[in-house]
Enquirer: 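One structure, as structure tokens, below. Some questions next.
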Amino acid sequence: MEKTVPTPVPSHSGSLPSHRIIENLIARYAELVDDGDFAGLGALLADATFHGSGEPVGGSAARSRRCSGTP
């Protein structure tokens, strides 16, 4: 069976209700983490700031490094 990958929908999209956009974002995030695609994760969250352990991280390259454990 072929795996279906949901495409993230930009937050400015008027075609979907916001709860569907959030569902798509969460599903895509989980798939990227499961696949170890940290560059894709960085791109998905390019406009976000990550707040976790340590200092907040912004920018896709920095977020990609943080998630992959690379300094």
Side-chain angles (χ1 to χ4, degrees):
M1 188 160 136
E2 188 174 317
K3 182 178 177 182
T4 302
V5 178
T7 302
V9 178
S11 60
H12 62 275
S13 173
S15 62
L16 290 176
S18 56
H19 70 279
R20 292 289 180 226
I21 294 169
I22 294 167
E23 288 172 347
N24 288 345
L25 178 64
I26 292 169
R28 184 67 181 134
Y29 173 90
E31 290 172 343
L32 290 167
V33 170
D34 288 348
D35 291 343
D37 183 356
F38 300 109
L41 181 61
L44 178 69
L45 302 174
D47 295 329
T49 300
F50 178 78
H51 295 268
S53 60
E55 293 295 315
V57 176
S60 63
R63 212 173 4 273
S64 178
R65 287 190 306 272
R66 165 78 66 87
C67 292
S68 67
T70 305

Enquirer: Report whether Ile26 and Ile21 are members of the same hydrophobic cluster (ILVMFWY, side-chain heavy atoms less than 4.5 Å apart, transitive linking).
Expert: no
Enquirer: Report yes if some heavy atom in the side chain of Leu41 is under 4.5 Å from a heavy atom in the side chain of Asp37; otherwise report no.
Expert: no
Enquirer: First locate atom CD of Glu23, then atom CZ of Arg20, and finally report the distance between them rounded to the nearest 0.5 Å.
Expert: 4.5 Å
Enquirer: Any chain of hydrophobic side-chain contacts (each under 4.5 Å) joining Val33 to Leu44?
Expert: yes
Enquirer: Rounded to the nearest 0.5 Å, how far does CG of Asn24 lie from NE2 of His19?
Expert: 10.0 Å
